[in-house]
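The structure under discussion appears below in the form of structure tokens.
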Protein chains: 2
Amino acid sequence: MCPCRDMLDLLANKWSALAIGALEDGPQRFGQLRRRLEGVSPKVLSQTLRRLEDHGMLTRTVYAEVPPRVEYELTDLGHSASVPLKDLRNWVEENVPRH
Amino acid sequence: MCPCRDMLDLLANKWSALAIGALEDGPQRFGQLRRRLEGVSPKVLSQTLRRLEDHGMLTRTVYAEVPPRVEYELTDLGHSASVPLKDLRNWVEENVPRH
DNA sequence: CGACACTAGTAACCAACGGGTACTATCGGA
DNA sequence: TCCGATAGTACCCGTTGGTTACTAGTGTCG
């Protein structure tokens, strides 16, 4: 109904939460993210990043090089959202019976 | 890979986050939840609640009455998870251009 | 007496998303 | 010449999300 549902739907999502977490350390390339988020397929990562970009959580910068280089970086909004997401990830890590 | 991914997948989900939020105020019946979480269909709410129950976030109590009465209540684990989820919902409410 | 409401779902069905694998172009290096 | 590296997309499929219709058993209203 209201736009906050869209935003919650975006952030309350496994790969979004993990991707934003990975980008907390600074800009990252596509392949770096792919390796850090173990288990994500390129298609899904691409979709996730695009949705985050559309909602203003990150920027995508293409460098016209070969091989191609694309960097993703959190916006201020993204950095701000990363705080509650980090708390959520921390809660999970603390409350799940370890491997 | 590790079980924390399952848990994150469970909690990082729109309806889960909203359902846990609604249950913060105390036990609720199915229909109450359905009305509070505007827009959720009975099937999806049922699925969501069952998944949360399976993961120990809430309890489901059936009263043998007519008409039927079923109450859902957060466990200690559920109450603990509700904290970071509430922070996330608050972030969304504060950072989304109002309706 | 018959119709309707209330409850907590389930059954059937469909669309959308999540996810996997294979494939592309381009260049440098062995 | 062939391989590797990069950032995706094309294609396909299964699971999930989602909608609507329907159930049973009783109480209430007309």
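Chain letters run A, B, ... following the sequence lines, proteins first, then strands; residues in each count from 1. Side chains are part of it too, since the values below use all heavy atoms of this structure and drop only hydrogens, waters and symmetry mates.
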Inset, instruction - Kindly say if B/Asn13 contacts the phosphate of D/dT16, meaning a side-chain N or O under 4.0 Å from OP1 or OP2. - result: no
Applying salt bridge (charged side-chain N to carboxylate O under 4.0 Å, His left out) to B/Arg34 and not counting sequence neighbours gives none
Sub-4.5 Å side-chain heavy-atom contact between A/Leu49 and A/Leu58: yes
The nucleotide from C/dG19, C/dT21, D/dG25 with an atom nearest the side chain of A/Pro42 is C/dT21
For nucleotides 28-30 of chain D, list the nitrogen or oxygen atoms of the protein found under 3.5 Å from its nitrogen or oxygen atoms, one pair per line.
none

Between CG of A/Leu10 and P of C/dG18 the distance, given in whole Å, is 11 Å
*asked:* On the nucleotide D/dT16, are OP1 or OP2 found under 4.0 Å from the side-chain N or O atoms that B/Gln47 carries?
replied: no
ask   = Any side-chain heavy atom of B/Asn95 within less than 4.5 Å of one from A/Met7?
value = no
B/Leu45 atom CG is separated from C/dT10 atom P, nearest whole Å, by 11 Å
Residue set satisfying salt bridge (charged side-chain N to carboxylate O under 4.0 Å, His left out) with A/Arg69, at least two apart, ordered chain then number -> A/Glu65, A/Glu71
Whole-Å distance, B/Gln32 CD to C/dG9 C1', equals 16 Å
A/Ser46 side chain near D/dA7 phosphate (N/O to OP1/OP2, under 4.0 Å):
no
In numerical order, the residues of residues 50-62 of chain B whose heavy atoms come under 4.0 Å of DNA chain C are B/Arg50, B/Arg60
Flag the pair B/Arg89 and B/Glu94 as a salt bridge only when some basic side-chain nitrogen lies within less than 4.0 angstrom of an acidic carboxylate oxygen. no
A/Lys14 atom NZ is separated from D/dG17 atom P, nearest whole Å, by 12 Å
Would you check if A/Val44 and A/Trp15 make a side-chain contact, meaning some heavy-atom pair closer than 4.5 Å?
yes
note: B/Glu71, atom CD; C/dA8, atom P; distance rounded to Å ~ 9 Å
Identify the pairs formed between an N or O of the protein and an N or O of nucleotides 1-7 of chain C at a distance under 3.5 Å, and give each distance.
residue, atom, partner, partner atom, Å
C/dT7, O3', B/Arg29, NH2, 3.0
C/dT7, O3', B/Pro68, O, 2.9

Requested in this report: Side-chain contact test, heavy atoms from C-beta onward, threshold under 4.5 Å: evaluate it for B/Leu33 versus B/Val40 and give yes or no.
Outcome: no
A/Asp6 versus B/Val96: any side-chain heavy-atom pair under 4.5 Å? no
Phosphate OP1/OP2 of D/dG18 contacted by B/Trp15 side-chain N/O (<4.0 Å): yes
note: B/Arg5, atom CZ; C/dG19, atom C1'; distance rounded to Å ~ 14 Å
Between CG of A/Asp9 and C1' of C/dC17 the distance, given in whole Å, is 11 Å
inquiry  = Are B/Leu8 and B/Val83 linked, directly or through intermediate hydrophobic residues, by side-chain heavy-atom contacts shorter than 4.5 Å (ILVMFWY only)?
reply    = no
Q) How about B/Arg5 and A/Leu18: do any of their side-chain heavy atoms sit closer than 4.5 Å? A) yes
Rounded to whole Å, the CG-P distance (A/Leu49 to D/dG8) equals 8 Å
Which is true for A/Tyr63 with a 4.0 Å heavy-atom rule: it touches a base, it touches only sugar-phosphate, or it touches nothing? nothing
Residues B/Ile20 and B/Gly78: closest non-hydrogen pair is CG2-O, 4.1 Å
List, with names and distances, any nitrogen or oxygen atoms from the protein found under 3.5 Å away from nitrogen or oxygen atoms belonging to nucleotides 10-15 of chain D.
none

Closest non-hydrogen atoms of B/Asp9 and B/Arg51, given as atom of the first, atom of the second and distance, are O-NH2, 3.8 Å
_Between B/Val62 and B/Leu74, is there shared hydrophobic-cluster membership here, with clusters defined by ILVMFWY side-chain heavy atoms closer than 4.5 Å?_
yes
Open item on the list: Can a donor-acceptor pair be found, under 3.5 Å and without considering hydrogens, that links the side chain of A/Gln32 to the backbone of A/Arg29?
Closed with: yes
